[in-house]
Amino acid sequence: EIPLQYGADRLGKRQDAAMQKFRDNRLGAFIHWGLYAIPGGEWNGKVYKGAAEWLKSWAKISSDEWMKLMDQWNPEKFNAKAWAKMAKQMGVKYVKITTKHHEGFCLWPSKYSKYTVAQTPYKKDILGELVKAYNDEGIDVHFYFSVMDWSHPDWRYDIKSKEDEEAMARFFEFTDNQLRELAERYPTVKDFWFDGTWDASIKKNGWWTAHAEKMLKELLPGVTINSRLRADDYGKRHFDSNGHMMGDYESGYERRLPDPVKDLKVTRWDWEACMTVPENQWGYHKDWSLSYVKTPVEVLERVVHAVSMGGNMVVNFGPQGDGDFRPEEKELAAYIGSWMKKNGECIYGCDYAGFEKQPWGYYTRKGDDVYMVVFNPPYSRHLVVKTPGGTSIKAAQVVGGKEVKVEETARNEFNVDVPSALPDEPFVIKLKIEKKQSGKTYRDALT
Ligand SMILES: C[C@@H]1N[C@@H](C(=O)NCc2ccccc2)[C@H](O)[C@@H]1O
């Protein structure tokens, strides 16, 4: 192995209680909320199709011009308790909030920046209101923090001169101050999810990324940190030059998921995916007709897909400038929540089952229970299950419903019947597993 000063601090999964809670939570929500929610993708009468939270970049707007939006920041429909109720009803166990996105506007009254809620007509500490409201509902709060800060004069994309170096030194001090401020003001925060760390200016300063993780873990014992923060001695990100994951969980699956057959390697470490409902909109965009918008079932399938491979899924919400949510997002939260009420036992605290993926859907496992989450019931009305060696199925029951017939059809192969009255939504079958070699002798084909 290559000797590294700023590589992985730990090999293997973290096994402490805080990480176990992170893992067991499984389903989270992202909140992308900032000045970008006011224009909602439109500037000077032109609607930009790109991600709405990047409008400043697409429309090539100066920071001075962009920050004038602060004078309009007064979300009269914002109600932290209502947001927390919506999250509770959706069944999410945690919410990741953009404390500061690339634009540099802070949802908390940071004393290190003049671009914060304190300098807007709203005045109050939005982040503080949200942390309290979510925590009061028993929901963990995670902080999204963008290192890249388009509003800061010392931010550099690369370091090509002595003054670039000096500017980034000041920038890292500013960033340390804001991170420490967040940890000290909101000590119930459970995680920091870093973004905006892909530029050369960060890759050339792996030392700082290791320092930032260490500083937060000293301030907040148990806090989890995503792999996207980290760059090693040679600028390698997420996984160091020896192939070891940095941070506490991999955070590269943004708007994509590992393949359930080809990418089983991800089951060896902790990971969290995040997804948008339109193709690529995190912040509020006024026109969702510009791209495909996933249906609630398509969102649900991605949640199950992630958990089936031992990962978490964070579903994104982009609140409007007035502090209310668009109807599609309210409907999505309600659908997911009603499904989780009936079937959440196949998600919360569940993990990869080690069964071979089948076309009808996904497996998850909790202890000795294996769940079949069925999205595509086949015309045969039989759900084929291929069990790992030494494993057989004793019984099967629809979650919240009746037993279904199980028939052994070959060595380590079973047909599980779909319910006679086929449900009109994805359904879950709970399997009782037995660890023993099946009694029957099967003849393998002679080829
Ligand atoms: C979670 C999302 N990450 C931000 C983003 O800039 N993603 C685009 C991107 C993703 C990966 C490498 C470069 C750029 C988006 O604005 C969201 O905040």
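All values reported here derive from a predicted model rather than from experimental measurement. Note that ligands are numbered from 1 as they come in the structure, with each ligand's atoms numbered from 1 the same way.
Within a 6.0 Å radius of OH in Tyr157, more than 12 heavy atoms belonging to other residues, nucleotides or ligands are found.
A cation-pi arrangement is absent between Lys96 and Tyr94, since the terminal nitrogen or guanidinium carbon is not both under 6.0 Å from the aromatic centre and inside a 45° cone about the axis.
Nearest protein heavy-atom contact of atom 3 (N) of ligand 1 is Asp195 OD2, 2.7 Å. Nearest non-hydrogen protein atom to atom 16 (O) of ligand 1 is Glu53 OE2, 2.7 Å.
Of all atoms in ligand 1, numbered sequentially from 1 with element shown, those under 4.0 Å from a heavy atom of Glu254 are 1 (C), 2 (C), 3 (N), 5 (C), 7 (N), 8 (C), 10 (C). Every atom of ligand 1 with a heavy atom of Tyr144 under 4.0 Å away is listed here by number and element: 18 (O). Per-residue contacts place His102 under 4.0 angstrom from the following atoms of ligand 1 (heavy atoms of the residue considered): 4 (C), 5 (C), 6 (O), 16 (O).
Looking at ligand 1, you won't find any N or O of Trp193 less than 3.5 Å from one of its N or O atoms. Residue-to-ligand polar distances place His101 within reach of ligand 1: an N/O pair is separated by less than 3.5 Å.
Inspection of the His101 and Tyr144 side chains reveals an N or O donor paired with an N or O acceptor under 3.5 Å.
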**OP:** Run the numbers on Asp125 and Tyr186 for side-chain hydrogen bond (donor to acceptor under 3.5 Å, both in side chains), then give the verdict.
**Re:** CA-CA 11 Å; Asp125 175 3; Tyr186 313 104; 2.6 Å; yes
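Applying the side-chain contact (heavy atoms from CB on, under 4.5 Å) rule to Leu264 yields the partners Thr267, Met309, Tyr352; only residues at least two apart in sequence or on another chain are considered. Applying the side-chain hydrogen bond (donor to acceptor under 3.5 Å, both in side chains) criterion to Asn205, with sequence neighbours excluded, gives Trp207.
With a 4.0 Å cut-off on non-hydrogen atoms, Tyr36 does not touch ligand 1 at all.
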